[in-house]
Amino acid sequence: MVLLSFLALCLVIPLPVFAAAENQNMPAQPKRLAIVIGNSNYQSDRYEDLPNAANDAAKLSESLRRLNFEVVVGTDETSDQFEKIFERFDGKLDSYAAVLIFYAGHGVQVDGQNFLLPVDSLDPANVGNLTAKAVKLNDVIARFASRDRPTFIFLDACRNTPLGLDSAGVGRGLAQVEVGENTFIAFATQPGNVTVDGAGQNSPFTKALLENIEFPGLSISDMMIRVRNATEASTLGSQVPWDQSNLREQFYFTELQVIDPQELGATLNRILQIPSAKAKLMTQLASADSDLQSTVLLLGRQLPEIVRSADPASQNDAGQQQMASLAPADLEKNVASALGSVVSGSDQTDVTNPQGSDVSRRVQAELSRLGCYRKPIDGVWGQGSQKALSDYYRQTKQANAVPEPNLDLLGDLFLRSGRVCRQPVAAPKPVKTATMDRARDGTKASRSSGRAPQREKVQRQQKARPAAPPPDIGAGIGIGGIF
């Protein structure tokens, strides 16, 4: 509460700030590791410098820290420095619930193998020099991938063709990747293509990643769809990010995210004070499954641009400062009132009668963002919605809460962050055996046909065999060349 009060008093901008929770009463959060490397300045003149690679690493590191990752950053890493970073976590990886590796810089494909190039890579007079100090991508995957935790590898390494080599085994694009168990690998562009470093402060791929990785409630699959579409649009279709996955369950970067409710409320209040921003909010909420918090946060990031084009009379901080000074209870009432304006403006139904109205649809969308609701968002308040709300109340330890959607509930959901409800991983069903049958009904299995003993024998043999590895769904995606 002291931290929140301090943030409220210091609030000077409406953009939401993502802060790590520092509450000793909260249970320990799972540890997540991120290794972020950006190589910009290469020692050999044969490699073009990539100014944005270091920028990409720095900006992504800031986002990952806000998402409660333990972040290790390296810029302009030599071959020895690459190895030292990796060696730091040898024997320690089991303590992490997830591992992410990001690399921006030069890379090359030789004889079907992908290599990341340190800044001290030898002058590429021949293929031997080219790979002498390079880091083999498959070795990185083998070193960090584990069946017991997800591993994510993001490669913004297809910047250009710096070498001009026309040698056997060296071609254009990326080579096929051997995806490790429970691993997700994302490339900055599609097979056989190269990317640009970018004219702005970040490359097109990393810029799109930065815009979406902190977006509340997005699974990694949904996030990559947004990244892909944004990158393709910003490069006029010349660059389409590519990914391969062998994940065993869905992953949410924002699962441990904590958003300051004071600043979130201030952002909503500011949006509603600017006619052009409010109109944009209503337009974006036209989609039935758009949750309010994510839409408000997205507009919050765009507010400076919106304010510049708005009427100067609307460019004041009065409402923002009023919101920041509210006590938590008053904040919830203020937010509920503001959301009533949003809901009534986006739907013609009576907000005092939530059954089948936009209120129930918005409540479903917020429950979905928090991981509590997994059915279609249709505004029909049925058993699935009631169960989701009960799960939410149980997880947040709220007693005597209202069972039907209303604006106060919507405001409460709007101010929540992270994944409140987790979908349990289904346990494998026990195999029915003749021995189990006999134990249950107290009778002996029939031996007239000899099938029961044979079935038990087959089951013992199957149990003795090691489990087959899961199929590599990325297999067969051909990628080749210098990246």
Side-chain angles (χ1 to χ4, degrees), residues 33-64 69 71-89 99-110 113-125 127 129-141 143-144 152-165 170 173-175 177 185-189 193-210 239 241 481-483:
L33 170 67
I35 298 174
V36 181
I37 296 174
N39 282 350
S40 289
N41 302 305
Y42 282 79
Q43 297 172 10
S44 170
D45 292 337
R46 294 284 297 275
Y47 301 95
E48 180 182 348
D49 286 342
L50 305 170
N52 279 346
N55 295 341
D56 292 343
K59 293 298 291 184
L60 184 62
S61 297
E62 294 173 8
S63 288
L64 292 171
F69 276 82
V71 181
V72 177
V73 187
T75 55
D76 295 337
E77 298 295 286
T78 64
S79 177
D80 289 342
Q81 289 169 336
F82 255 104
E83 180 60 25
K84 286 180 181 179
I85 287 180
F86 293 159
E87 282 181 348
R88 285 176 56 180
F89 300 98
V99 174
L100 181 148
I101 298 172
F102 174 87
Y103 173 76
H106 282 307
V108 64
Q109 181 270 121
V110 178
Q113 294 285 339
N114 292 323
F115 296 87
L116 313 180
L117 299 185
V119 295
D120 63 340
S121 294
L122 301 180
D123 194 81
V127 174
N129 278 8
L130 181 64
T131 59
K133 293 191 174 184
V135 178
K136 187 181 295 186
L137 178 59
N138 281 350
D139 289 347
V140 176
I141 296 172
R143 190 168 194 164
F144 287 92
F152 307 94
I153 299 177
F154 291 84
L155 297 173
D156 197 352
C158 320
R159 298 305 177 100
N160 51 33
T161 307
L163 311 177
L165 286 176
V170 180
L174 304 177
V177 177
I185 303 179
F187 300 93
T189 192
N193 194 25
V194 295
T195 76
V196 294
D197 193 46
Q201 292 296 311
N202 300 104
S203 76
F205 172 72
T206 300
K207 181 175 183 293
L209 185 61
L210 290 168
Q239 184 177 330
I482 296 175
F483 63 102

Is the ring centre of F144 less than 6.0 Å from the ring centre of F86?
-> yes

How many angstroms lie between CG in D56 and OG1 in T75, if you round to the nearest 0.5 Å?
-> 12.5 Å

Closest non-hydrogen atoms of G105 and A53, given as atom of the first, atom of the second and distance, are N-CB, 4.3 Å

Does a donor on one side chain sit under 3.5 Å from an acceptor on the other, for N52 and N202?
-> no

Got a sec, which residues hit salt bridge (Lys or Arg N to Asp or Glu O under 4.0 Å) with D123, two or more places apart in sequence or on another chain?
-> R46

Might you point out which heavy atoms bring S79 and D120 nearest each other, and give the distance in Å?
-> N-OD1, 3.0 Å

Rounded to the nearest 0.5 Å, how far apart are CZ of F152 and CD1 of I185?
-> 11.5 Å

Under a 4.5 Å cut-off applied to non-hydrogen side-chain atoms, are L137 and L155 in contact?
-> yes

Q43 CD to L122 CG distance, which is reported to the nearest 0.5 Å = 9.5 Å

So CG of L64 and CD1 of I35: to nearest 0.5 Å the spacing works out to 12.0 Å

How many angstroms lie between OG1 in T189 and CZ in F205, if you round to the nearest 0.5 Å?
-> 10.0 Å

Partners meeting side-chain hydrogen bond (donor to acceptor under 3.5 Å, both in side chains) with R143 (sequence neighbours left out) | E83, D90

Measure from the side-chain N and O atoms of D156 to the backbone N and O of F187, and report whether any donor-acceptor pair falls under 3.5 Å.
-> no

Salt bridge (Lys or Arg N to Asp or Glu O under 4.0 Å) between K59 and E62, worked out = CA-CA 5 Å; K59 293 298 291 184; E62 294 173 8; 3.5 Å; yes

Which atoms form the tightest heavy-atom contact between P118 and K133, and what is the distance?
-> CG-O, 3.2 Å

Do you know the tightest heavy-atom contact between L117 and A134?
-> CD2-CB, 3.7 Å

Answer whether the closest heavy-atom distance between the side chains of P124 and S44 falls below 4.5 Å.
-> yes

With rounding to the nearest 0.5 Å, note down the distance linking CG in L60 to CD1 in I37.
-> 12.0 Å

Begin from the C-alpha positions of I101 and F154 and carry the test side chain to side chain contact (heavy atoms under 4.5 Å, CB included) through to its verdict.
-> CA-CA 6 Å; I101 298 172; F154 291 84; over 6 Å; no

Distance-minimising heavy-atom pair for H106 and Y47 = CD2-CB, 3.9 Å

Side chain to side chain contact (heavy atoms under 4.5 Å, CB included) assessment of Y103 paired with I153 | CA-CA 8 Å; Y103 173 76; I153 299 177; over 6 Å; no

Measure the shortest side-chain to side-chain distance between F102 and T206 over non-hydrogen atoms and say whether it is less than 4.5 angstrom.
-> yes

So, the side chain of Q239 versus the backbone of A188: is there a donor-acceptor pair under 3.5 Å, distance only?
-> yes

Give a yes or no on whether the backbone of Q109 and the side-chain of N114 come within a donor-acceptor separation of less than 3.5 Å.
-> no

